[in-house]
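Below you'll find the structure, written out as structure tokens, and then a few comments.
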Amino acid sequence: MPDHRYDASEIEPRWQAVWADEHTWEVSNDAGRDRPRSYVLEMLPYPSGEPHIGHLKVYSVGDAIAHFRRRRGAEVLHPMGYDAFGLPAENHAIATGVHPRVSTNASIASFQRQFREWGISIDWSRELATSDPRYYCWTQWIFLQLFKAGLADRREAAVNWCPHDQTVLANEQVIDGRCERCGHEVEIRQLEQWFFRITDYAERLLDDLDTIDWPEHVKTMQRNWIGRSEGASVTFHQDDFDIDYPVFTTRPDTLFGATFFVMAPEHPDVLRLAAGTPHEQAVRDYVNHAMVASNAERGAMDKAKTGVPLGRSVTNPVNAEQIPMFVADYVLMEYGTGAIMAVPAHDERDFDFAQAHGLEIRRVIDGGELPYPGDGPLTNSGTDFDGLPNREARIRIVAALEAADRGRGAINFRLRDWLVSRQRYWGCPIPVIHCPSCGIVAVPEDELPVLLPEVEDYAPKGRSPLAAAEDWVNTTCPTCGRPAKRETDTMDTFVDSSWYFLRYCDARNETAAWDPAVLAEWMPVDQYIGGVEHAILHLMYARFFTKALADLGHLSFQEPFAALFTQGMITRDGAKMSKSRGNVVSPQAIVERYGADTARSYILFIGPVEQDADWSDDGVEGVHRFLSRLWRAAAEVAESTEPAAPPSQPQGADLELLRKAHWAIAKVTHDLDGRFAFNTAISAVIELVNDCYRLRSQVSAGSLRFALASAASLIFPFAPHVGADAYQLLTGERVWEEPWPVADPALLERDTYELVCQVNGKLRDRIQVASGLGEEELEQLALAAPNVREHIAGREITKVIVVPGKLVNVVVR
RNA sequence: GCGGAUGUGGCGGAAUUGGUAGACGCGCACGGUUCAGGUCCGUGUGGAGGUAACUCUGUGGAGGUUCGAGUCCUCUCAUCCGCACCA
């Protein structure tokens with residue numbers, strides 16, 4: 001027997017060259033009208049250093065889906081690009097002096113090379129990088145559309161400031177009071193910044209989750225982040241200053257139990273209210289202390305509720321009671337109106353505060369021990385409401401408030417506007433000009449892109465490094481022509497990645513961001529794939545962009561990603577891979593040692609792709625062994641036999657092997673069609689190859705050839721090079737040009753099967769029976785089975801359950 | 001605290017609608033091939049008992065529904081993730 005050796009290092013470059021030379025995976029926007037279109041997209045990589053194992057996983061998943069859909073007849077758009085602006089490249093520049101463009105481009109080159117070496121079927125004609133002026137030109141254009149529509153505005157607000165990265169951060173980028181990127185504790189500063197009004201879309205972002213096919217846990221995370229609360233806005237009047245203070249409450253039914261009123265330390269009126277009262281100095285001290293306290297310090301929930309009186313009172317609109325005002329840091333300026341009505345009897349936090357400060361706790365809902373947050377009839381709430389169930393009382397009280405013009409039903413959201421300015425260099429310039437006489441003026445669209453200027457020093461100094469590029473900053477006002485200055489902030493990189501999936505559809509359009517007619521052909525993305533770590537940030541922002549651009553008439557759909565799949569992380573020794581732990585597995589090392597097909601297949605075989613999985617070097621060997629067995633068998637059969645068809649009336653081992661092949665076709669198809677069960681799909685192909693080996697000396701050459709070609713065809717989406725090579729050896733055809741195989745129903749059926757015989761639910765025997773027998777016959781056969789007879793001997797049969805095709809259960813007493 | 005997930009052999013995991021628990025891979029044991037190691041080709045492999053046929057037991061724990069539960073229900077424990085004083 002000739003010595004066939006599976007050599008991935010010879011096979012893989014050979015097929016990669018074919019696909020590159022022939023532009024096999026490119027799709028056109030005008031051709032292919034006879035085929036359904038499918039857009040399969042993995043989240044674009046952030047090009048920093050080398051690709052890691054997570055990249056290998058996400059693109060292995062996406063490529064398997066892309067290949068499967070192509071061979072099932074779809075025209076598949078499967079593009080690639082790079083999220084190329086961002087802090088790491090800039091921090092690297094500060095440390096080394098290397099321009100971020102240089103290091104980013106080097107990294108992109110490495111990603112490109114490895115994606116080709118992995119054999120990912122990418123349409124390279126649509127490749128993009130978000131740092132390319134041909135791309136960010138249109139990021140700026142989108143900014144201007146939002147600006148003109150009033151969805152982008154500049155305003156002063158309390159913002160998160162990272163003292164290390166010297167920039168502001170979006171709320172979503174603050175994790176446990178710390179900067180998502182560098183881990184430094186975040187400070188709160190009052191600064192004028194650019195915002196996108198994502199809160200205008202809160203309701204729609206929430207409602208439309210019901211229209212998309214996303215994992216439930218991702219939808220839940222988004223729902224929680226949006227944080228919709230239904231309740232009422234209730235207005236309390238402050239007599240000394242004649243000011244109305246509206247508050248938001250989810251419990252208007254407890255309004256008669258409001259015994260005090262609390263404002264956040266950041267509330268702009270706090271100092272003014274306390275002025276001239278004996279509490280003025282105490283309030284000043286308290287507010288100063290609260291302002292410098294860290295988020296983490298204030299956020300500790302078990303901390304005692306602190307606060308001081310303001311020396312003023314407000315009027316409760318339902319009973320005209322004067323209730324004292326306080327300032328306390330358990331009230332947040334960012335949520336609601338920055339002030340609350342406190343109902344200590346029915347809210348745990350208000351209860352704690354009342355106890356600590358000796359304030360009245362008045363029960364207004366009958367029920368359990370105080371503080372009691374549950375339902376019950378009202379009490380101490382006046383003759384109009386006492387005795388009513390609180391849910392009904394809530395409606396009536398809101399109606400009464402509305403009639404008196406002191407409140408109304410209201411909905412509040414936790415979601416806040418998206419802060420998009422960054423005082424950093426390596427990002428997309430914000431295309432506006434500040435004119436002393438005209439104010440903020442948009443850069444005219446025909447002057448886009450506003451190119452990122454070259455600077456000497458990238459180091460952040462509390463203002464954008466762009467401010468140092470004086471020739472660039474100083475310009476003229478597009479409106480009045482007088483001297484003006486450019487905006488020096490750059491955009492959050494999440495802006496760049498909130499629309500890249502649109503650009504892929506029409507990537508070479510030089511006159512517009514896209515042609516809406518072209519977009520309508522591909523969008524929305526049919527299958528989006530990425531890490532669950534983007535469940536909130538990227539996915540929420542992309543949805544917001546899509547809705548806003550649709551409202552402005554640029555898009556004809558409401559949701560960017562019709563279906564989403566989130567893959568789990570690859571760990572090593574149970575821990576996230578990191579350089580500091582020294583447990584990093586480099587994809588390149590695995591590819592060099594075993595080949596890309598092994599690396600890709602192993603990652604999909606290791607377990608369900610949506611779950612985290614632990615890397616095992618021994619497991620890789622096992623998958624490599626399997627691919628090697630498949631290829632060697634194909635090479636041997638191709639060399640030692642002539643092509644032949646399987647027998648038309650197979651018997652014995654031929655029949656067994658052909659059945660196995662058709663079973664595998666059905667199994668893999670089922671596992672890929674709508675599911676992402678790659679691990680069991682690969683298992684099925686392994687079983688088929690195992691049977692080829694087991695039966696090879698007993699079957700006809702035609703059957704063996706067919707079984708092995710089927711295995712090659714089925715493994716192709718996961719291991720494209722070895723699949724293509726084995727398939728060509730056996731059939732002379734190119735597997736990716738072949739339709740996906742279809743199982744022959746006649747070979748999926750069996751003429752006999754193993755009937756499970758149970759007594760009282762316990763397995764007692766298995767017998768071979770003919771397919772299609774009726775319940776009556778099956779019952780008789782089961783009762784006659786030797787071990788069944790033994791277990792029912794001398795006992796009374798009370799019932800017999802027959803499930804044709806499966807089992808018979810005899811119930812005895 | 002709220003929300004979401006996950007618990008199955010020595011390990012990763014499998015189990016369509018409630019119907020043979022442990023597919024497939026790793027590891028391990030044994031046999032064959034090989035000068036030898038590795039490779040390669042087989043056989044076996046949840047635990048306990050038994051020469052064996054077979055029996056008992058077994059899916060984090062405790063109950064329940066059912067002829068039958070890894071799967072459904074109730075309670076509970078553990079681990080992980082997200083949000084966290086959200087009024």
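Quick note on labels: first sequence line is chain A, next is B, and so on, each numbered from 1. The model shown is predicted, which means the values in this text are computed figures rather than measured ones. Below, each value reflects all heavy atoms present in this structure, side chains not excepted, and no hydrogens, waters or symmetry copies.
Using atom P as the reference point in both rG44(B) and rC35(B), the two lie 28 Å apart (nearest Å). Rounded to whole Å, the separation between the P atoms of rU43(B) and rG63(B) comes to 42 Å.
Distances were taken from every side-chain heavy atom of T680(A) (C-beta onward) to each of rU55(B), rA15(B), rG27(B); the shortest belongs to rA15(B). Side-chain atoms of I340(A) lie closest to rA87(B) of the nucleotides rG19(B), rA87(B), rC85(B).
Across all strands, N412(A) comes closer than 4.0 Å to no nucleic acid atom at all (heavy-atom distances). Contact annotation for Y693(A): backbone-only contact, meaning every heavy-atom pair under 4.0 Å involves sugar-phosphate atoms and none involves a base. Within the 4.0 angstrom heavy-atom criterion, no nucleotide atom of any strand lies near R813(A). The residue I686(A) sits close only to the backbone: its heavy atoms come under 4.0 Å of sugar-phosphate atoms, none of a base. Heavy atoms of R228(A) sit nowhere under 4.0 angstrom from any nucleic acid atom. Within 4.0 Å of I606(A), counting heavy atoms only, lie sugar-phosphate atoms of the nucleic acid but no base atom. If you check every strand for non-hydrogen atoms under 4.0 Å, V756(A) touches a base. Contact annotation for D618(A): backbone-only contact, meaning every heavy-atom pair under 4.0 Å involves sugar-phosphate atoms and none involves a base. In this structure, G336(A) reaches neither bases nor backbone, as no heavy-atom distance under 4.0 Å exists between it and the strands shown. Across all strands shown, E754(A) has heavy atoms under 4.0 Å from base atoms, whether or not it also approaches the sugar-phosphate. Among the heavy atoms of the strands, none lies under 4.0 Å from E216(A). Here T249(A) lies in heavy-atom contact (under 4.0 Å) with sugar-phosphate atoms only. Residue H791(A) is classed as a sugar-phosphate contact, given heavy-atom separations below 4.0 Å to backbone atoms only.
If G622(A) and S229(A) are placed on RNA chain B by their nearest nucleotide, the residue sitting closer to the 5' end is G622(A). Residue N679(A) is the one, among N679(A) and A684(A), whose nearest nucleotide of RNA chain B lies closer to the 5' end (criterion: closest heavy atom).
Neither OP1 nor OP2 of rC83(B) sits under 4.0 Å from any side-chain N or O of R223(A). Contact check, R414(A) against rG3(B): no side-chain N or O comes under 4.0 Å of OP1 or OP2.
The two residues A345(A) and R362(A) have their closest heavy-atom pair at CB-O, 3.2 Å.
In this structure, N787(A) places its CG atom 17 Å from P of rA52(B), rounding to the nearest Å.
Judged by distance alone, the side chain of R394(A) and the main-chain N or O of R391(A) form no donor-acceptor pair under 3.5 Å.
Annotated stems with RNA chain B as a participant read B:1-7 with B:77-83, B:10-12 with B:24-26, B:27-32 with B:40-45, B:46-49 with B:54-57, B:60-64 with B:72-76, given as range with range, by first number; only runs of 3 or more Watson-Crick or G-U pairs under 3.5 Å qualify.
A distance of 6.0 Å or more separates the ring centres of F718(A) and F605(A).
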